[in-house]
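These notes are about the structure you will find just below.
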Amino acid sequence: MTRLRASLLYEQEYLYLTGLQEPDCALILLKDNSPRGYKMTLFVEPNRPDREVWDGPSAGLDGAVSVFGADEALPNDPATMLTTLKAMLSSHEHVYVDLPAQMTIPRQSMRTSRFSIHDFLAPISPTGYDLFTRKTDFESVVKLLSDRRNTHSLVREMDVLRSRKSANEIRVMRHAGAISGAAMAETMRAIKPGMVESEGQAVFEYACARRGAERQAYVPVFASGRNALMIHYVRNDALMGDRDVLSVDAGCEFAGYASDITRTMPIAEDGKFTPAQRDVYEALLRTLKGCTELVAAKHGYSLAQLHRFSVQMLHTELKDLGFQISTATLERVLYPHYVGHWLGIDLHDTSTVERCTKLEEGMVLTIEPGIYIPDDPAFPKLYRGIGMRVEDDVAVGYGESIVLSADAPKEVVDIEAVSSGRIVPRMG
Ligand code: GLY
Ligand code: MN
Ligand code: MN
């Protein structure tokens, strides 16, 4: 299998295969008869003391071999790469690579002072062959790789590998979930009526950082009151109203892996939901648990089937609360998003893995039923204006699943105990 880091889009795959977090590198894996089954060639920035003053130490050619396990390390300049590729391609029939969609190259003025492989294979500008001196080189590489009968998409192969996590990856993701879960508990305890939503966000992010998270995995949602009716609300700048709820969709990244948790919590001095909020929340929670029970390989469910199940279950739950709606209205108005997605290095991971794929051991997915009830006489008055979601990260086992986000309180008694300050979350 040949691998080129063809654009930023593929950075995650490069990280997955090498663990090397440096820009402008490339990797080729060449199938052979060695015990390992392939030869690994890394193109990296050679050590340059003048640059290390600015950017700190880098792996260099020696580190690429001794630390990152390459059989061969070469400098990351396009001429070297072109020569190497030509030689390799002549002896191999099948090539797996994802080439840039547009065969165009950036203007000289838009590039940094140095030529990089990244520029070379993934040009940043859709215009301007004119000023670019290495046009011929760029075209030769693309031509070399695309003019073959046996060039295959790499991303699909990579997604299959990435979709089944190893025990180690699951451990890392469990840790990411534990950090975010504890941060969620701290947030529940900290928020009070009259605070700005972003103060809650600051508590969450600080709690993650203190526990060793690298960064947030995505821009978090801190949506109070009616803001929670907007599924992608990220302004996070409103004052939190007394007796409203706050929906928090937030997760940190740890060792390159994302967590993605949603919890809905009361904004009240006594830390309690109103009866109407509680009704809706418990309906969602039962739906989440119902879906989670089916997340085990032995049940043979797919993500698509889980979604259908969540719609049916939520429909029944809402009927019990007095909603007279069809499942079509439920899906169009009240629950207009999917039950979940694959999770891993990317938040929405391995997008080429179809939703109708049967769940297999090692897959990780989110389960995130939500309900967003507008001010519309079609729905019971008591519940209008309530928006909530609850989201867990779940690793598929054969007999049962592992909830990676279990540290984030989700039972009503637990949320209310933490929110009221009766239980103090572990402060890490
Ligand atoms: N936070 C984005 C999602 O839940 O998919
Ligand atoms: Mn989320
Ligand atoms: Mn999600």
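Just so we're clear, the structure is a prediction, and the values are computed from it rather than from any experiment. Indexing begins at 1, ligand by ligand and atom by atom, following the structure's order.
Side-chain atoms of Arg174 come within 3.5 Å of backbone N or O of Leu404 as a donor-acceptor pair. Remark: the backbone N or O of Phe222 is paired with a side-chain donor or acceptor of Asn236 at under 3.5 angstrom. Looking at Asp270, its side chain does come within 3.5 Å of a backbone N or O of Lys272 through a donor-acceptor pair. The main-chain N or O of Ala268 is never found under 3.5 Å from a side-chain atom of Asp242 such that the two would form a donor-acceptor pair. Judged by distance alone, with hydrogens and angles left aside, the side-chain atoms of Ser180 form a donor-acceptor pair with the main-chain N or O of Cys252 at under 3.5 Å. Between the side chain of Glu199 and the backbone N or O of Val196 there is at least one donor-acceptor pair closer than 3.5 Å.
Proximity to Tyr218 (heavy-atom distance under 4.0 Å) selects the following atoms of ligand 1: 1 (N). Close approach to His341 involves these atoms of ligand 1, each under 4.0 Å from a residue heavy atom: 3 (C), 4 (O), 5 (O). Those atoms of ligand 1 with a heavy atom of His348 less than 4.0 angstrom away are 3 (C), 5 (O). Close contacts between ligand 1 and Glu391 involve ligand atoms 4 (O) [criterion: under 4.0 Å to a heavy atom].
Residue His341 counts as close to the Mn ion (ligand 3), with an N, O or S atom under 2.8 Å.
Nearest N/O/S atom of Glu368 with respect to the Mn ion (ligand 3) is recorded as OE2. With respect to the Mn ion (ligand 2), Glu391 has OE1 as its nearest N, O or S atom. The minimum distance between the Mn ion (ligand 2) and any N, O or S atom of Asp260 involves atom OD1.
Heavy atoms of Arg389 stay at 4.0 angstrom or farther from ligand 1.
In this structure, Arg210 forms a cation-pi arrangement with Tyr206, its terminal cationic atom sitting closer than 6.0 Å to the ring centre and no more than 45° off the ring axis.
At the top of the distance list for atom 3 (C) of ligand 1, counting protein heavy atoms only, stands Asp260 OD2, 3.4 Å.
With a 4.0 Å cut-off on non-hydrogen atoms, Thr262 does not touch ligand 1 at all.
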